[in-house]
There are 2 protein chains.
Amino acid sequence: MSVSSTPLKTNYHHGDLPQQAHQLALEILREHGDAAISLRALAKQIGVSAPALYRHFIDRDSLLAELAVTGFEALRARLLAVDQSDPRRALIDIGLVYVSFARDEPNLYRLMFGGRVLPKGIHPRLDIAGKGAFQVLEDTIAQAQAAGYVKPISLSLMTAAAWSLVHGLSQLSIDGHLPSTKAEPHLTQGVVTLLLDGSIAENKQHKKDTTS
Amino acid sequence: MSVSSTPLKTNYHHGDLPQQAHQLALEILREHGDAAISLRALAKQIGVSAPALYRHFIDRDSLLAELAVTGFEALRARLLAVDQSDPRRALIDIGLVYVSFARDEPNLYRLMFGGRVLPKGIHPRLDIAGKGAFQVLEDTIAQAQAAGYVKPISLSLMTAAAWSLVHGLSQLSIDGHLPSTKAEPHLTQGVVTLLLDGSIAENKQHKKDTTS
DNA sequence: GTAACAATGTTACTGGTGATAACTTATGTC
DNA sequence: GACATAAGTTATCACCAGTAACATTGTTAC
């Protein structure tokens, strides 16, 4: 159609669209949350037409799922870096690392666990990545149990308790439901310690011993 | 303008729009989640024009906030009904009731705590209602502490731990992240008990006693 | 080298959304 | 009954996700 003689740097094939879209979307997610991610705006900012994105992501949710996957991988990496030599130390540290991840990446964390936006059983890669992060937690507990440090109760029960605690704490923390946001690590440590040592007063605890 | 002689049942003033919209939105929320609530669809179903709704709700989020408020009030009511005579029983029961509420109303619960959709500090009534539900939890713990059943540690710390636990458990449960959905009450009870009694093996616990 | 094909872009369009502006009608008060 | 106000209306804007049909480029087979 055009008769222009200039070679005009044909950007018809962008070459790196999926990667660049992923990166940009991740930045928008981090700064403004998942609701702010619009494929049209994304395409415009990259300099490509909106439907082009559909060549690489079957729909918006698939893009979000990809972001969540990288989130779970990052979380898993950070959990894996925790020193496992001492059981008690490892349990506390893994809790601290978990919560601090959520606090560092609140919008990403919300997407990862925003059950409504990305339900389970729809994006297989997401489910696998989630399981991968969860597994680190479970392994740590299993190890502590094997070392005889943790009660020999059902592993799944113990893991559910630990995960619930750190997940709930993360969620409440990033949504501003907890006071004293500055003393956060201290709070996290105290909360995790409570799950380990229990909340019941000493004398009440020993009453049980006398009965047996 | 019209010359029709029939009185034509003037529905110009609906009379009960806000109440009816609230009710219908709540039903849609329950069945299909907050994302499925559209003011246009809502208006059409009620038989009114879409902008009419804006006379009663300043925007969509305000309507959602109203729904969340009723959610918090319902949660508070259910928590208040827990028998408080025995401290341990009360603590466990309040956990059971909390989680069962979330499981009964997953979409409502998600809206109530969907920090992204309804951030804190924007809808005062919502913040108050949330605090009201939280207060029941805190009061129960304070009572157990006053009775000498719970360790005399910081109340806010203990409350944060308890709330994190039941909230995390609720969230993970309704999003399908926990196995064995059928044995849920049993799981909840086990998890709450862990926070009370601790997770550490007996012999490890007693080692502390000998040192002192 | 060229023809066929697959990959990856494009424009044009549909149907749906929240929200606002300007107008109309019913209701309650003096 | 006049009239202010509350509560509806239609018309319109700007945005969005997603689809269809077409265009361009890179690759592979002959």
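Letters A, B, ... mirror the listed sequences (proteins, then strands); counts begin at 1.
Closest approach to the A:Val48 side chain among C:dT10, D:dT9, C:dT17 is made by C:dT10 (side chain taken as heavy atoms from C-beta onward). The side chain of A:Arg55 lies closest to D:dC22, out of D:dC22, D:dG8, D:dC16. Side-chain proximity of A:Tyr54 to D:dT19, C:dT8, C:dT20: nearest is D:dT19. When each of C:dG9, D:dT19, D:dT9 is scored by its nearest atom to the side-chain atoms of B:Pro51, the top-ranked nucleotide is D:dT9.
Within the 4.5 Å cutoff, no side-chain heavy atoms of A:Leu96 are placed close to those of A:Val166.
An OP1 or OP2 oxygen of C:dG18 is reached within less than 4.0 angstrom by a side-chain nitrogen or oxygen of B:Arg60. Of the side-chain N and O atoms in A:His56, one or more sit less than 4.0 angstrom from OP1 or OP2 of C:dG9.
The stretch residues 22-40 of chain B touches DNA chain C through B:Ile37, B:Ser38, B:Leu39, B:Arg40, each having a heavy atom under 4.0 angstrom from the strand.
Protein atom CG of B:Leu42 is 13 Å distant from nucleotide atom C1' of C:dT17, rounded to whole Å. Distance, A:Asp61 CG to D:dC16 C1': 14 Å, rounded to whole Å. Protein atom CD of A:Gln20 is 15 Å distant from nucleotide atom P of C:dT8, rounded to whole Å. Atom P of nucleotide C:dA7 and atom CZ of A:Phe57 are separated by 17 Å, given to the nearest angstrom. What separates CD1 of A:Ile46 from P of C:dT8 is a distance of 15 Å, to the nearest Å. The separation between B:Leu53 atom CG and C:dT20 atom P is 13 Å, rounded to whole Å. As a whole-Å value, the separation of B:Lys44 NZ from C:dG18 P is 12 Å.
Not less than 6.0 angstrom separates the ring centroid of A:Tyr109 from the ring centroid of A:Phe72.
B:Tyr98 and B:Phe113 have tilted rings, their planes meeting at an angle from 30° to 60° on a 0 to 90° scale.
Other residues, nucleotides and ligands place no more than 12 heavy atoms under 6.0 Å from the NZ atom of A:Lys131.
To the nearest 0.5 Å, atoms OG1 (B:Thr70) and CD (B:Glu73) are separated by 7.0 Å.
For the pair B:Asp127 (side chain) and B:Gly121 (backbone), a donor-acceptor distance under 3.5 Å is present.
In this structure, the side-chain contact (heavy atoms from CB on, under 4.5 Å) partners of B:Ala36, at least two apart in sequence or on a different chain, are B:Ile28, B:His32.
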